[in-house]
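Shown next, in structure tokens, is the structure this report addresses.
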Amino acid sequence: MTERLRLTLRVDADKKPALGHGKIRLLEQLAETGSISAAGRAMGMSYRRTWLLVDSLNQMFREPLVVTRPGGGGGAFLTAEGEAVVRCYRDIEKQAAQVAEAHLAELEKLLTPQAVECP
């Protein structure tokens, strides 16, 4: 990749944004922490915002991507479908970055020089 440019990927479903790097990172954080609230905190989001994103992801797919554990301590985890969505998105992202690498390098050459910050 280039130093100044970064390719990001957004997947739309039914003409609406469905998946992007933020939602995928949230799913990855959830898988790491086992907690909706901890995943949200790690990303600087409120519990409500985090829960709404998880709920929208669960409703978007035939099977839920995230399941919560009821009871004391609770917790949450990715389902097999959730793991598949993350894996598929990351594979698409990797392949797109490989295809775009030369074009991004060419675009980077056309950018204005980067401003030097004063101390």
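None of the values given here were measured: they were computed from a predicted structure.
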### Query
Nearest 0.5 Å, what's the OG1-CG distance between Thr68 and Leu30?
10.0 Å
### Query
Are Met60 and Ile92 linked, directly or through other ILVMFWY residues, by side chains that come within less than 4.5 angstrom of each other?
yes
### Message
Tell me which pairs pass salt bridge (charged side-chain N to carboxylate O under 4.0 Å, His left out) where either residue lies in residues 7-20, with sequence neighbours left out.
### Response
Arg10-Asp12
### Query
Among all residues two or more places apart in sequence or in another chain, which pass the side chain to side chain contact (heavy atoms under 4.5 Å, CB included) test with Met43?
Arg25, Leu26, Gln29, Met45
### Qualifying side-chain hydrogen bond (donor to acceptor under 3.5 Å, both in side chains) pairs with a residue from residues 38-51, counting only residues at least two apart or across chains
none
### Task
State which residues pass side chain to side chain contact (heavy atoms under 4.5 Å, CB included) with Ala31; sequence neighbours excluded, sorted by chain then number.
Leu78
### Summary
Taken in chain and number order and not counting sequence neighbours, the residues that satisfy side-chain hydrogen bond (donor to acceptor under 3.5 Å, both in side chains) with Asp55 are Gln59
Under 3.5 Å, which donor-acceptor pairs link side chains of residues 82-90 to any protein atom two or more places apart or in another chain?
residue	atom	partner	partner atom	Å
Tyr89	OH	Leu9	O	2.7
Tyr89	OH	His21	N	3.1
Arg90	NE	Glu28	OE2	2.8
Arg90	NH1	Glu93	OE1	2.6
Arg90	NH1	Glu93	OE2	3.3
Arg90	NH2	Glu28	OE1	2.8
Arg90	NH2	Glu28	OE2	3.3

### Task
Please name all residues satisfying side chain to side chain contact (heavy atoms under 4.5 Å, CB included) with Glu81, sequence neighbours left out, ordered by chain then number.
Glu63, Leu65, Thr79
### Query
Do Ser35 and Thr33 pass the side chain to side chain donor-acceptor pair (under 3.5 Å) test, and can you show the C-alpha distance, the side-chain angles, and the key distance before you say yes or no?
CA-CA 5 Å; Ser35 164; Thr33 64; 5.0 Å; no
#### Entry: Connected hydrophobic set around Val99, excluding itself, where side chains approach under 4.5 Å
none
### Message
Quick check on the hydrophobic clustering: are Leu7 and Leu19 connected, directly or via other members, by side-chain heavy-atom contacts under 4.5 Å?
### Response
no
### Query
What pairs with Ser56 under side-chain hydrogen bond (donor to acceptor under 3.5 Å, both in side chains), at least two apart in sequence or on another chain?
none
